[in-house]
Amino acid sequence: MKPFTYERAETPAQAAAAASKPGAKFLAGGTNLLDLMKLQIETPTHLIDIGRIGLDKIEPTPDGGLRIGALVRNTDLAADPRVRTEYAILSRALLAGASGQLRNKATTSGNLLQRTRCPYFYDTNQPCNKRSPGSGCSAIAGFSRQLAVIGSSDACIATHPSDMAVAMMALDALIETVKPDGKTRGIPISEFYRLPGKTPHLETTLEKNELITSVLLPAPLGGIHVYHKVRDRASYAFALVSVGAILLKDGSGKIALGGVAPRPWRNVSAEKLIQTGAKEFTSRLLEGARPTQENAFKLSLVQRTIEGVLTENRS
């Protein structure tokens, strides 16, 4: 591990201001960042510990929604009675996402920002545009069974690993931030993640050292909430395909996918086809897909998984 300096921030404003230092990175739960530092994939020269700046509450909003602090632990978020009853898709996605030990440490903001688990990203002996811009993508001609079938580019076919973010996408979450100059803003989650294009190392629309302070959920929609995750083993595995769905009484719904793209995948215009059936909806949802020979099976797996979700929850 390369040497770095460390400071503990006491307030969000102090943390944001400290981020102006060269090579600074925020440290929350550390469940992803510390592993990447050990592998020298991430090499910050200054760590800002934000574990004591507050931002660890789940609070109601005036319009009936919830504001989730950036440092709320995944375990606490999944167990919150309001989340379990009114945003059950989120609770179910979190419980599907990791072991209990990791959920006890992982934070809301860290979950949103976790890096891909593409094996070539983690192997520093292999070219990877996400890790080393311009070096090439080893995955395209390599082992790609787990990787993206849509939203990818000639520069990167990695997938986003978060289960929680899939639920947040279906819920139309708003991500609230503060910049080093103290300015705040809200970013719809639909605009938060970048597609790789020619710059796969730029993964979100956050500006340099912008700090996530909370995630805002709109008033609950009701309906049936489902999170179905297909993986190679029963636990502690990333999704081959996951489907997060909110199915409403009038037959409409909101559906987001995990395990298939560089970001949680949702196509709002396709959702008007949910009532016509899984085949028609999936065809529109995955329009423009570019699978490899090894992961083309994901296209039919998505359709079958969506069909199962719709059939089981509307019978």
Side-chain angles (χ1 to χ4, degrees), residues 6-21 24-34 36 42 44 46-84 86-87 90-91 93-95 97-98 101-115 162-165 167-169 171-189 191-193 203-219 264:
Y6 169 91
E7 72 175 288
R8 177 174 287 156
E10 300 295 334
T11 67
Q14 182 185 344
S20 61
K21 296 180 180 180
K25 278 272 185 182
F26 297 118
L27 174 67
T31 58
N32 190 201
L33 176 60
L34 294 182
L36 295 174
E42 293 274 10
H46 184 67
L47 283 185
I48 306 162
D49 187 340
I50 59 173
R52 298 188 181 183
I53 65 173
L55 305 182
D56 58 353
K57 302 292 190 299
I58 304 172
E59 300 170 317
T61 61
D63 63 356
L66 282 183
R67 175 170 280 106
I68 302 163
L71 298 180
V72 172
R73 304 292 175 178
N74 286 179
T75 294
D76 297 330
L77 183 56
D80 185 272
R82 295 160 295 183
V83 174
R84 292 178 63 189
E86 297 177 341
Y87 304 95
L90 179 55
S91 182
L94 285 162
L95 293 173
Q101 294 95 325
L102 284 173
R103 292 197 301 270
N104 288 343
K105 288 292 293 180
T107 63
T108 299
S109 59
N111 195 315
L112 290 171
L113 294 173
Q114 62 182 298
R115 308 295 301 277
S162 173
D163 292 284
M164 185 194 78
M168 294 289 197
M169 185 69 76
L171 289 165
D172 293 308
L174 183 75
I175 298 168
E176 298 180 316
T177 70
V178 61
K179 301 178 185 180
D181 62 4
K183 293 181 179 178
T184 61
R185 65 169 173 156
I187 310 170
I189 194 168
E191 301 173 10
F192 183 71
Y193 294 107
E203 297 176 347
T204 73
T205 55
L206 289 174
E207 297 179 8
K208 184 175 175 58
N209 297 321
E210 189 172 4
L211 174 68
I212 296 174
T213 55
S214 59
V215 177
L216 187 65
L217 299 183

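Counting begins at 1 with the first residue of the sequence. Computed from a predicted structure; not experimentally measured.
One finds the CG atom of L77 at 5.0 Å from the CG atom of L94 (value rounded to the nearest 0.5 Å). With rounding to the nearest 0.5 Å, the separation of CG in N104 from CG in D76 is 8.0 Å. Within the model, atoms CG of L211 and CZ of F26 stand 4.5 Å from one another, a figure rounded to the nearest 0.5 Å. The CZ atom of R67 sits 8.5 Å away from atom CG of L174, with the distance rounded to the nearest 0.5 Å. Rounding to the nearest 0.5 Å gives a distance of 11.5 Å between CZ of R8 and CD of Q14. Distance check, rounded to the nearest 0.5 Å: CG of L171 to CD of E86 gives 11.5 Å.
Of all heavy-atom pairs spanning A19 and A24, the tightest one is O-CB, 3.8 Å. When every heavy atom of I175 is checked against every heavy atom of I189, the shortest pair comes out as CD1-CG1, 4.2 Å. Looking at every heavy atom in both residues, A16 comes nearest to V178 through CB-CG1, 4.2 Å. Heavy-atom minimum distance, A165 versus S162: N-OG, 2.9 Å. Among all heavy-atom pairs drawn from E7 and A18, the shortest one is OE2-CB, 3.5 Å. Summarising the geometry of R185 relative to T205, their closest heavy-atom pair is NH2-O, 2.9 Å, with the distance given to 0.1 Å.
You'll find the side chain of L217 reaches within 4.5 Å of the side chain of M168, heavy atoms only. No side-chain heavy atom of Y193 sits under 4.5 Å from any side-chain heavy atom of I187. A heavy-atom distance below 4.5 Å is not found between the side chains of D80 and I68. Residues L95 and R103 form a side-chain contact, since some pair of their non-hydrogen atoms from C-beta on lies under 4.5 Å apart. With contacts defined as side-chain heavy-atom distances shorter than 4.5 Å, the pair T108/M164 qualifies.
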| task | Take T184 and T213 through the test side chain to side chain contact (heavy atoms under 4.5 Å, CB included) and record every step on the way to the result. | result | CA-CA 9 Å; T184 61; T213 55; over 6 Å; no
| request: For L27 and L34, run side chain to side chain contact (heavy atoms under 4.5 Å, CB included): C-alpha distance rounded to whole Å, both residues' side-chain angles, the deciding distance at 0.1 Å, then the answer. | output: CA-CA 9 Å; L27 174 67; L34 294 182; 4.2 Å; yes
| Step-by-step salt bridge (Lys or Arg N to Asp or Glu O under 4.0 Å) determination, K179 to D181 | CA-CA 5 Å; K179 301 178 185 180; D181 62 4; over 6 Å; no
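Although no hydrogens or angles enter the test, the distance criterion places no donor-acceptor pair under 3.5 Å between the side chain of R73 and the main chain of T107. A donor-acceptor pair under 3.5 Å is formed between the side chain of S109 and the backbone N or O of A70. In this structure, the side chain of E210 does not engage the main chain of L206 through any donor-acceptor pair within 3.5 Å. Although no hydrogens or angles enter the test, the distance criterion places no donor-acceptor pair under 3.5 Å between the side chain of R115 and the main chain of L36.
Around CZ of R84, the count of heavy atoms belonging to other residues, nucleotides or ligands within 6.0 Å does not exceed 12.
S214 and E176 share a side-chain donor-acceptor pair at under 3.5 Å.
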Give every donor-acceptor pair under 3.5 Å between a side-chain atom in residues 48-57 and any protein atom, sequence neighbours left out.
unit_1	atom_1	unit_2	atom_2	d
D49	OD1	G51	N	2.9
D49	OD2	Y6	OH	2.6

